[in-house]
Protein chains: 2
Amino acid sequence: MVEHPTHAPTLLGPGDAVLAFDVGGTDTKSALVDASGRVLGLRRTPTPLDPSDPAGTIVAKLASLAGEHLAGAPGVRPMAAAISVPGLVDEVTGVGMFASNLGWRDAPIRSLAEAALGLPVAFGHDVRAAGDAEHRLGAARAYGDVVVLAIGTGIASALVLGGRPYAGGGYAGEIGHSLADPFGERCACGAIGCLETIASAGAIARRYSVASGTPVAGAREVLDAATAGDPVARRVWDDAVEALAEALARLVAVLAPEAVVIGGGLAQAGHALFSPLGERLDALLSFHRRPVLVHAELGDDAGLLGTALAARDLAAARARGGAP
Amino acid sequence: MVEHPTHAPTLLGPGDAVLAFDVGGTDTKSALVDASGRVLGLRRTPTPLDPSDPAGTIVAKLASLAGEHLAGAPGVRPMAAAISVPGLVDEVTGVGMFASNLGWRDAPIRSLAEAALGLPVAFGHDVRAAGDAEHRLGAARAYGDVVVLAIGTGIASALVLGGRPYAGGGYAGEIGHSLADPFGERCACGAIGCLETIASAGAIARRYSVASGTPVAGAREVLDAATAGDPVARRVWDDAVEALAEALARLVAVLAPEAVVIGGGLAQAGHALFSPLGERLDALLSFHRRPVLVHAELGDDAGLLGTALAARDLAAARARGGAP
């Protein structure tokens, strides 16, 4: 499943120059954004994982990356920085509460990074940053009530409700860890039958490998096999679509989003995902508000763009003399 | 299942005098609230149902009630009124989109009522009004992210997210019409296996009557039978608790409320509901934010109190010269 091409570099538009860091479990994406909105020096470097000091080691790496970005663009003076990470994030206190693949618990990332970078720092969640970018710059621009779903190795979502991001104290949006099958397998999170044990790209590949005895590397191969008539692949794919449709139907009943934006690796399946998903969702709903299902627009850079937006929001708030 | 006693009459506190109408499928509750917050002349009258002009007939009845309230308290001059109704409500446009038990579709209730009452009118949803009252005056005062669940004949909920009511264009909160059992019975709404076909007080009574061959009038009798050792009653009650726990677990994964306030007739079961529900919810969750489960405080008058709050909000906004 290929990535989207990089979007227009001036998508962000004019504003403060900022530094943006999207820290993932494997790689960290970083860039300097200038006052015209150009994304300068965008790079992907391995995220350092040090069990003895996971947060300090990562923050030190970000400071080193900041130095490289500034050296590469001597005329650009950032007014703020922002850092997005996976896991449980308290955006209000600036604390990374938990991230299984980064190794920290209750790490005061924002204060560590402000000291290391010498800049005001916004600290947030990677999927909520991507959702914010899709809402302000991408596929969800036209809507006030939106769910942005990222389906890849796992399944996560960002909620925009009444035009504003909703974080639920850092715990919201975990649709991947909502109950899909009470008689299903135990998820890595400890709960039983989570949606992402059935419907993530990772689960689709794993379930097919187990059921067929033929190891596959990804969901794309399972879809291709299903399309070619492989009944095991068809069942695994259809189970994933059904679980996604049921989870979305439940979410529609309670939140009534106008749009569900779907991104992540699995969204690259396009029509083969969106068409049956929309049909099953229609069948499961009655009087409910039916959301449009739209493909994410910003691709793999949504998280970095949303992170840059958070840094700009912070810089603007500081310039006004207020809190963000 | 008994109603709560009426709460202190000055719970609303000082503010503008207003008229409040909570229009239900059977009865309409109405009252005049004076500037000290006293609820004057609270009464319950049958809601007139006229298929040829459902909205006009109800609004005419409200105007007649308003006259009675004003005649009974000649020194009180209301600055605004508010009307809450069931069904699908667009609070922004003031339109009752649909109410199966009142019979209207896309009825411009707010403009009809403003003409009939000669006052600015706030128009809203009965369960969201009750939720707002519980959030501002009752069991949910301490929380910013709250789900207020009303379990009676049906199941509905009101959402307060980030300290603000969330209506989803009038469609939000319909947890009673979220999928509980894909192989379940068809709900009156047209969908299959809705939560309220298993876990509403009405469903508990109906399912027990069918399964046992012994007709019962309400869920209280089923609980009493279960407590006395009736295995059919035990199964019906446990199925309801399990369906509620699963629906709440899914909602917790996505919205992460700090508190779930439970009201309506079924909440009168008290410990027999809250204790197993909390245990099952604990078992279904892992890293999620576990909400406290609390009993609604305002009882059967929550809707009327929330309606009065909406009228006061509107009066205050008009006094400031702005939109509500």
Side-chain angles (χ1 to χ4, degrees), chain A residues 87-88 97-98 100 143-145 147 155-157 159 161-162 164-182 186-195 242-243 245-258 280 283-291, chain B residues 87-88 97-98 100 143-145 147 155-157 159 161-162 164-182 186-196 242-243 245-258 283-291:
Chain A
L88 294 175
M97 295 185 285
F98 178 64
S100 60
Y143 308 102
D145 303 328
V147 174
I155 300 178
S157 73
L159 310 179
L161 302 174
R164 304 192 313 175
Y166 174 72
Y171 290 89
E174 295 283 2
I175 193 171
H177 297 286
S178 68
L179 180 65
D181 179 1
R186 188 172 291 278
C187 179
C189 81
I192 296 288
C194 289
L195 178 63
E242 182 64 24
E246 292 184 2
L248 284 182
R250 287 165 176 140
L251 184 147
V252 163
V254 174
L255 287 182
E258 297 161 279
R280 285 301 301 145
L284 290 167
L285 299 177
S286 61
F287 65 90
H288 312 78
R289 179 156 77 164
R290 166 68 158 83
Chain B
L88 294 175
M97 295 185 284
F98 178 65
S100 59
Y143 308 103
D145 303 329
V147 175
I155 301 179
S157 73
L159 310 179
L161 303 175
R164 304 192 313 176
Y166 174 72
Y171 291 88
E174 296 283 2
I175 192 171
H177 297 286
S178 68
L179 179 66
D181 179 2
R186 188 172 291 277
C187 178
C189 81
I192 296 288
C194 290
L195 178 63
E196 76 175 42
E242 182 64 24
E246 292 183 3
L248 284 182
R250 287 165 175 137
L251 184 147
V252 163
V254 174
L255 286 183
E258 297 160 279
L284 291 167
L285 299 177
S286 61
F287 65 91
H288 312 79
R289 177 155 79 164
R290 166 69 158 82

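None of the values given here were measured: they were computed from a predicted structure.
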(request) Compare all side-chain heavy atoms of A:P182 with those of B:E246 and state whether any distance is below 4.5 angstrom. (result) yes

(message) As an exercise: rank B:L285, B:V252, B:L179 by heavy-atom pairs under 4.5 Å with chain A and give me the winner.
(response) B:L179

(message) If I compare all heavy atoms of A:A256 with all of B:A172, which pair ends up nearest, and what's the gap?
(response) CB-N, 4.0 Å

(request) Mark yes or no for whether B:R250, through its side chain, and A:S178, through its backbone, hold a donor-acceptor pair below 3.5 Å. (result) no

(message) Testing the basics here: between B:L284 and A:A191, what is the closest heavy-atom pair and its distance to 0.1 Å?
(response) O-CB, 3.8 Å

(request) Work out which heavy atom in A:L161 is nearest to a heavy atom in B:R164; give both atom names and the distance. (result) O-NH2, 4.4 Å

(message) Tell me every residue that passes salt bridge (charged side-chain N to carboxylate O under 4.0 Å, His left out) with B:E242, counting only those two or more places apart in sequence or in another chain.
(response) B:R280

(request) Please flag which part of B:I192 lies under 4.5 Å from any non-hydrogen atom of chain A: side chain, backbone, both or neither. (result) neither

(request) Please flag which part of B:A249 lies under 4.5 Å from any non-hydrogen atom of chain A: side chain, backbone, both or neither. (result) neither

(message) According to ring pair (Phe, Tyr, Trp, His ring centres under 6.0 Å), who are the partners of B:F98, at least two apart in sequence or on a separate chain?
(response) none

(message) Heavy-atom cut-off 4.5 Å, strictly under: side chain, backbone, both or neither for B:L195 against chain A?
(response) neither

(request) Could you give me the CA-CA distance, side-chain angles and deciding distance for A:L255 and B:V254, then say whether side chain to side chain contact (heavy atoms under 4.5 Å, CB included) is met? (result) CA-CA 10 Å; A:L255 287 182; B:V254 174; 4.1 Å; yes

(message) To the closest 0.5 Å, what do you measure between OH (A:Y166) and CG (B:L159)?
(response) 9.0 Å

(message) Heavy-atom pairs under 4.5 Å with chain B - which of A:A167, A:P257, A:G168 has more of them than the others?
(response) A:G168

(message) Only pairs of heavy atoms separated by less than 4.5 Å count here; which of A:G162, A:C194, A:G173 has the most with chain B?
(response) A:G173

(message) Just verifying a value: how many Å separate B:R289 CZ and A:E174 CD, rounded to the nearest 0.5 Å?
(response) 12.0 Å

(message) With a 4.5 angstrom heavy-atom cut-off, is it the side chain or the backbone of B:F287 that approaches chain A, or both, or neither?
(response) both

